[in-house]
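Start at 1 with the first residue, then count along the sequence. All ligand and atom numbering here is 1-based and tracks the order in the structure.
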Amino acid sequence: MVQNGLTADTTDATLRAMTKTPQQWREQTQRVRGGSFRTDLGEMGEPIFMTAAFAYDSAEEAEARFLGESEGYMYSRQENPTVRMLENRMAAMEGADVARATGTGMAAMTAALMAQLAAGDHVVGARALFGSCRYLLDSFLPRFGVETTIVDGRDLAAWKAAIRPNTKVLFLETPANPTLDICDIRALADLAHENGARLVVDNVFATPLLQKPIDLGADVVAYSTTKHIDGQGRTLGGMVLCDAEFDEEFLYPYYRHTGCAMAPFTAWVLLKSLETLSLRVNAMCDSAEALLAPLKAKVDDVRYPTDPGFAQSALAAKQMSRGGSMISFVLPGGQAQAFDFMNALKLIDISNNLGDSRSIATHPWTTTHKAVDPEERLALGITDGLIRFSVGLEDPDDLRDDLVQALDAAGL
Ligand SMILES: *Cc1c(COP(=O)(O)O)cnc(C)c1O
């Protein structure tokens, strides 16, 4: 039966056919077409299925769907066709069996951890993490009887020493926000597996383009799609990627019953965004590389993962194909000079987002990491002169001019 050119059956038959194809496509083709399917109307753009629920042809069909004996959509908290297209495209790009899209990046991080943890388990996490991820480890998980240990993510011996018999998860972010610390994904995946644990990687700063944690041995990869995947600072979203066993045992039950799903409209925006991900992220990397010399001419401490002057550049180059869109630098005059610099910017915005087409300067000490204890902030390398700079898609010469005049205005 075809109503309005579409039934769940035609959609699913087409979807099943299409999801086999992307494996044969090269990555850029997957970013443009992976996971998409068409209804019988033959539309070129992906349709937005703004529906909470789906109707069944008969009571028997409804029963069969609930038993899992018949394929088809049931309820958009679990699966929605537009969201499914995005999930399949992300899974194909990442080399994962399964992707599940969430309402925000933090919903993805929470799902990646909570789905697999229970009271009595232990988690080891890198200390340099997105502020809210630190909250999950420091305050939230312990409330449910999950023990956590925080280590210097760069120090393999510290990770090893922190492992306990009940360690279930190693959790890290690399490059880390905002210090750009690098963790060795391959070595930590091996360490996790030797100890019966899993490695969960927050891959936001590297983007799906520049670093492939699953190829390096990670078990679960999570994103805030709010950042480079959207790329224009419009939507909030997240994504968790894993293999089929992890999804079946942990992720899907958590996802469908706790209700962290992404809205179909957001998924549609992100499907458009993925088509240009490599164009955008490569252009941001080009600009970041071009801005290093003018920044270094005025500031001593400039950090960029693949810059030869960066302490961990060899490891960064081993696991990332390029350095990314984030540069951190430290102004010697501390908060006063950092504020003078930011207030003198004429083009670059002061905001706390990143991965946007518009360049953004952030002062982590007074904003994103204000909730972290000051001593802990200093131990992390977050000083009051640190600026986190997200390189956008403006002309790099305009970015250089703005940075240089603002550094001048701040007395540098
Ligand atoms: C932004 C971000 C998050 C959280 O994502 P939201 O979409 O803001 O919820 C998590 N990790 C990193 C590294 C981020 O940059």
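Looking at R280 and E275, no side-chain N of the basic residue comes within less than 4.0 Å of a carboxylate O on the acidic one, giving no salt bridge.
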Show me, pair by pair, the donor-acceptor contacts under 3.5 angstrom made by side chains of residues 120-127, not counting sequence neighbours?
| from | atom 1 | to | atom 2 | distance (Å) |
| --- | --- | --- | --- | --- |
| D121 | OD1 | K168 | NZ | 2.9 |
| D121 | OD2 | A118 | N | 2.8 |
| H122 | ND1 | T167 | OG1 | 2.7 |
| H122 | NE2 | T149 | OG1 | 2.7 |
| R127 | NH2 | A379 | O | 2.9 |

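Applying the side chain to side chain donor-acceptor pair (under 3.5 Å) rule to pairs touching residues 313-334 yields H228-S325, N282-R322, D286-R322, E289-R322, sequence neighbours excluded. Within the structure, side chain to side chain donor-acceptor pair (under 3.5 Å) pairs that include any residue of residues 241-269 comprise R100-D247 (at least two apart or interchain).
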When you pair each N or O of ligand 1 with protein N or O atoms, which pairs come out under 3.5 Å?
| from | atom 1 | to | atom 2 | distance (Å) |
| --- | --- | --- | --- | --- |
| ligand 1 | 5 (O) | S224 | OG | 3.0 |
| ligand 1 | 7 (O) | G105 | N | 2.9 |
| ligand 1 | 7 (O) | S224 | OG | 2.8 |
| ligand 1 | 7 (O) | T226 | OG1 | 2.6 |
| ligand 1 | 9 (O) | G105 | N | 3.1 |
| ligand 1 | 9 (O) | M106 | N | 2.8 |
| ligand 1 | 11 (N) | D202 | OD2 | 2.7 |
| ligand 1 | 15 (O) | K227 | NZ | 2.7 |

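Considering L136, V169, L141, N166 as possible partners of V146, the one that fulfils the side-chain contact (heavy atoms from CB on, under 4.5 Å) test is L141.
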- Item | Candidate pair E394 and S357, rule side chain to side chain contact (heavy atoms under 4.5 Å, CB included), full reasoning | CA-CA 7 Å; E394 302 93 340; S357 53; over 6 Å; no

